[in-house]
Colleague: 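This is the structure I want to talk about, given as structure tokens.
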Amino acid sequence: MVEDNQIKAQVSPFAIREGEIKTFDGKDGYVSMNQIVHKIDIGHINEIHFSILELVNEFEFITSRQLYQMLEIKGIDPKSQDKLNNKLDQLVKSKILTRYYFTSDEGKGIYRIYCLEKMGKYLLNSKEIDCKWQPSDNTKPVAMIKKRLAGNQTLIAYLRKVKAFEGYVVKPAITAKVTGKIFKATGGSVKLTKNNKSIQFLFEVIRREDDWQKKAVDKVRLYKEFYENFVPGDSGFSTIPQLIFVCEDEKNMAETFREIITNQLEIPQIKLYFTTDLRQNKETLEDTLVEFKLVDGKYKMENIELKLLGM
């Protein structure tokens with residue numbers, strides 16, 4: 001598999017492309033549970049298939065490359081990307097998983113997205129694994145799926161490249177106390193621990209979807225409400241977490257910061273940090289975060305070096 005730092009992409013694969021649509025690439029028709037049980041009995045579907053299924057359930061939408069990386073992290077050897085893709089094909093043909101890709105005027109996307117099918121939920125339930133999937137989950141729009149994929153990439157980068165990494169949550173639920181609204185950090189959260197001291201990062205993924213500025217402003221308002229009323233224990237956080245915006249590119253970081261300043265949504269309790277999808281491909285994450293500082297009356301983007309994010 002090509003290592004992250006060997007990827008030469010100039011544009012994130014999880015950036016929004018104009019006119020992009022989600023295209024079905026799964027299997028039509030009917031597959032019975034008896035057929036699936038037979039495949040399990042003869043070993044055509046085995047424990048590695050179930051490990052794949054659990055990861056898809058956990059992340060909701062995930063690429064084959066992300067699955068490969070997560071299997072490795074969990075100590076499961078997929079052998080090769082091709083062998084993993086063959087197993088994914090088996091699961092798709094059995095209607096345990098389904099598959100999509102994105103198309104736009106620029107052509108087909110370069111990767112496939114995997115998510116659960118009804119038979120997958122039945123198999124997970126048979127193993128007493130919690131699965132809240134429902135068919136409507138697969139109808140989510142392109143922007144929501146790309147936010148999840150960018151969040152996956154960020155979580156996996158921290159898992160693989162940060163020595164202080166302790167744990168992650170894919171979809172942490174946060175409560176804005178005043179309005180009582182519960183919302184989720186679109187990119188997940190990680191817990192880092194060094195010298196018995198811990199800090200948690202919340203990742204909010206920003207995409208240039210339709211009306212993205214308003215959507216971003218509305219979400220930051222919820223974060224502001226959460227932080228301004230924070231006490232230890234709120235939403236499961238023992239200490240105040242650090243918020244990081246994961247943007248499409250360098251320009252998108254500045255655009256997002258401008259929306260926050262223009263709408264007077266600064267959060268005094270924390271510093272606002274920013275990063276991009278492609279920055280997660282660096283060999284080390286020590287210098288992947290950005291802060292906007294006021295210098296001579298103008299805001300200037302500065303890289304922040306955090307030794308905590310090193311190996």
Side-chain angles (χ1 to χ4, degrees), residues 12 14-16 141 143-144 146-148 150-151 154-155 158 169-192 199-280 288-304 306 309:
S12 167
F14 310 129
I16 298 295
M144 287 185 72
K146 286 205 164 183
K147 286 178 184 179
R148 176 72 273 137
T154 304
L155 294 180
Y158 276 72
V169 178
V170 175
K171 292 180 276 189
I174 303 161
T175 302
K177 275 188 177 178
V178 178
T179 58
K181 186 174 177 64
I182 297 173
F183 63 100
K184 291 181 179 177
T186 50
S189 67
V190 296
K191 183 178 182 180
L192 309 176
I199 185 171
Q200 286 175 283
F201 285 0
L202 283 172
F203 299 105
E204 181 60 32
V205 181
I206 304 293
R207 299 294 96 164
R208 291 190 186 96
E209 56 191 308
D210 290 342
D211 205 17
W212 76 267
Q213 294 95 332
K214 181 182 183 303
K215 290 173 182 174
V217 164
D218 289 345
K219 193 69 176 283
V220 177
R221 281 202 176 97
L222 294 174
Y223 277 114
K224 186 174 174 67
E225 194 177 311
F226 165 70
Y227 279 105
E228 287 182 343
N229 298 281
F230 180 83
V231 295
D234 280 355
S235 301
F237 296 100
S238 56
T239 58
I240 196 162
Q242 173 61 54
L243 180 59
I244 299 168
F245 294 97
V246 182
C247 300
E248 289 192 9
D249 49 43
E250 307 287 311
K251 184 181 176 185
N252 194 211
M253 290 194 292
E255 293 168 341
T256 303
F257 179 71
R258 184 169 62 243
E259 291 298 324
I260 293 170
I261 295 300
T262 302
N263 290 278
Q264 299 179 321
L265 290 173
E266 301 96 320
I267 302 174
Q269 290 77 14
I270 58 166
K271 291 181 177 180
L272 293 180
Y273 288 158
F274 298 78
T275 189
T276 67
D277 297 351
L278 295 183
R279 283 174 174 248
Q280 310 317 306
T288 53
L289 300 182
V290 160
E291 184 182 5
F292 289 87
K293 293 184 177 180
L294 196 58
V295 179
D296 298 328
K298 289 185 178 180
Y299 282 103
K300 183 181 178 184
M301 187 169 74
E302 290 188 8
N303 284 326
I304 304 300
L306 284 184
L309 302 186

Colleague: Please evaluate residues Gln280 and Thr275 with respect to the criterion side chain to side chain donor-acceptor pair (under 3.5 Å), reporting the C-alpha separation (whole Å), side-chain torsions for both, the decisive distance (0.1 Å), and the verdict.
Modeller: CA-CA 8 Å; Gln280 310 317 306; Thr275 189; 2.9 Å; yes

Colleague: Give the C-alpha distance, both sets of side-chain angles, the deciding distance and a yes or no for ring pair (Phe, Tyr, Trp, His ring centres under 6.0 Å) between Phe203 and Phe245.
Modeller: CA-CA 6 Å; Phe203 299 105; Phe245 294 97; over 10 Å; no

Colleague: Using only atom types and a distance under 3.5 Å, with no angle test, would you say the side chain of Lys171 pairs donor to acceptor with the backbone of Gly188?
Modeller: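 No; zero donor-acceptor contacts below 3.5 Å.
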
Colleague: Within the 4.5 Å heavy-atom criterion, are Thr276 and Thr288 side-chain neighbours or not?
Modeller: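 No - every pair of side-chain heavy atoms lies 4.5 Å or more apart.
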
Colleague: So do the side chains of Lys191 and Val169 get within less than 4.5 Å of each other, counting heavy atoms only?
Modeller: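 No - every pair of side-chain heavy atoms lies 4.5 Å or more apart.
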
Colleague: Which pairs with one or both residues in residues 254-263 pass salt bridge (Lys or Arg N to Asp or Glu O under 4.0 Å), sequence neighbours excluded?
Modeller: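 The answer is Arg208-Glu255.
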
Colleague: More than 12 foreign heavy atoms under 6.0 Å from CG of Asp211: is that the case here?
Modeller: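 Atom CG in Asp211 is crowded, with more than 12 foreign heavy atoms closer than 6.0 Å.
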
Colleague: Evaluate the side-chain proximity of Ile16 to Trp212: yes if any heavy-atom separation is below 4.5 Å, no if none is.
Modeller: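 The answer is no; the side chains never approach within 4.5 Å.
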
Colleague: I'd like to know whether Asp218 forms a salt bridge (Lys or Arg N to Asp or Glu O under 4.0 Å) with Arg221, so could you lay out the CA-CA distance, the side-chain angles of the two residues, the decisive distance to 0.1 Å, and finally the verdict.
Modeller: CA-CA 5 Å; Asp218 289 345; Arg221 281 202 176 97; 3.6 Å; yes

Colleague: Atom CD in Gln264, atom NZ in Lys224: separation rounded to 0.5 Å?
Modeller: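 The NZ atom of Lys224 is 9.0 Å from CD of Gln264, to the nearest 0.5 Å.
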
Colleague: Below 4.5 Å, heavy atoms only, C-beta onward: do Phe14 and Glu248 meet side chain to side chain?
Modeller: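 Contact flag for Phe14/Glu248 side chains = no.
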
Colleague: Do the side chains of Val217 and Leu265 get nearer than 4.5 Å, heavy atoms only?
Modeller: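 Contact flag for Leu265/Val217 side chains = yes.
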
Colleague: Go through Leu289 and Phe274 one step at a time and tell me if the side chain to side chain contact (heavy atoms under 4.5 Å, CB included) criterion holds.
Modeller: CA-CA 6 Å; Leu289 300 182; Phe274 298 78; over 6 Å; no

Colleague: Is there a donor-acceptor contact under 3.5 Å linking the side chains of Gln242 and Tyr273?
Modeller: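 No, no side-chain donor-acceptor pair sits under 3.5 Å.
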
Colleague: Indicate yes or no for a side-chain donor-acceptor contact from Lys219 to the backbone of Ala185 under 3.5 Å, with no hydrogens or angles considered.
Modeller: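 Answer holds: no.
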
Colleague: Determine the minimum heavy-atom distance between Ser235 and Thr175, stating which atoms define it.
Modeller: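 Heavy-atom minimum between the residues: OG-N, 3.0 Å.
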
Colleague: Measure centre to centre between the rings of Tyr223 and Phe183, then say whether the value is under 6.0 Å.
Modeller: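 Yes, they do, as the ring centres are separated by less than 6.0 Å.
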
Colleague: Step by step, work out the side chain to side chain contact (heavy atoms under 4.5 Å, CB included) result for Val178 and Glu228.
Modeller: CA-CA 10 Å; Val178 178; Glu228 287 182 343; over 6 Å; no

Colleague: Quick one, Ile267 and Ile270 - any side-chain contact, counting heavy atoms below 4.5 Å?
Modeller: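 With C-beta onward as the side chain, the pair touches.
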
Colleague: Roughly how far, to the nearest 0.5 Å, is the CD1 atom of Ile174 from the CG atom of Leu222?
Modeller: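 If we round to the nearest 0.5 Å, Leu222:CG and Ile174:CD1 are 9.5 Å apart.
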
Colleague: Indicate yes or no for a side-chain donor-acceptor contact from Arg207 to the backbone of Lys146 under 3.5 Å, with no hydrogens or angles considered.
Modeller: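 Such a contact is absent between Arg207 side chain and Lys146 backbone.
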
Colleague: For residues Cys247 and Thr256, report the shortest heavy-atom separation together with the two atoms involved.
Modeller: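 Closest heavy-atom pair between Cys247 and Thr256: SG-OG1, 3.7 Å.
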
Colleague: Under a 4.5 Å cut-off applied to non-hydrogen side-chain atoms, are Pro241 and Phe230 in contact?
Modeller: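 The answer is yes, as the side chains (C-beta and beyond) meet within the 4.5 Å cut-off.
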
Colleague: Is a side-chain N or O of Lys177 found less than 3.5 angstrom from the main chain of Asn229, in a donor-acceptor match?
Modeller: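 Side chain of Lys177 to backbone of Asn229: a pair is present.
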
Colleague: Measure across Ile304 and Val290 and return the closest heavy-atom pair with its distance rounded to 0.1 Å.
Modeller: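 Answer, listing the atom of Ile304 first, then Val290: CG1-C, 4.2 Å.
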
Colleague: Determine whether the side chains of Thr186 and Glu204 contain a donor N or O and an acceptor N or O closer than 3.5 Å.
Modeller: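 The answer is yes; a qualifying pair exists.
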
Colleague: Which heavy atom of Glu225 sits nearest a heavy atom of Gly180, and at what distance?
Modeller: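 Smallest heavy-atom distance, with atoms named: OE2-N, 4.3 Å.
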
Colleague: Donor-acceptor check, side chain of Asn263 to backbone of Ile260, threshold 3.5 angstrom: yes or no?
Modeller: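 Between the backbone of Ile260 and the side chain of Asn263 there is no qualifying donor-acceptor contact (under 3.5 Å).
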
Colleague: Would a 4.5 Å heavy-atom cut-off, applied to side chains only, mark Ile244 and Leu202 as touching?
Modeller: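 The answer is no, as the side chains (C-beta and beyond) never meet within the 4.5 Å cut-off.
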
Colleague: Tell me every residue that passes side chain to side chain donor-acceptor pair (under 3.5 Å) with Lys181, counting only those two or more places apart in sequence or in another chain.
Modeller: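 If we apply the side chain to side chain donor-acceptor pair (under 3.5 Å) test to Lys181, skipping adjacent residues, there are no hits.
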
Colleague: Only pairs under 3.5 Å count here: list side-chain donor-acceptor contacts from residues 292-303, not counting sequence neighbours, and write none if there are none.
Modeller:
unit_1	atom_1	unit_2	atom_2	d
Asn303	OD1	Arg279	NH1	3.1
Asn303	OD1	Arg279	NH2	3.1

Colleague: Taking side-chain hydrogen bond (donor to acceptor under 3.5 Å, both in side chains) as the criterion, tell me which of Asp249, Asn252, Asp277 meets it with Ser12.
Modeller: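 Going through Asp249, Asn252, Asp277 one by one, the side-chain hydrogen bond (donor to acceptor under 3.5 Å, both in side chains) with Ser12 is satisfied by Asp277 alone.
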
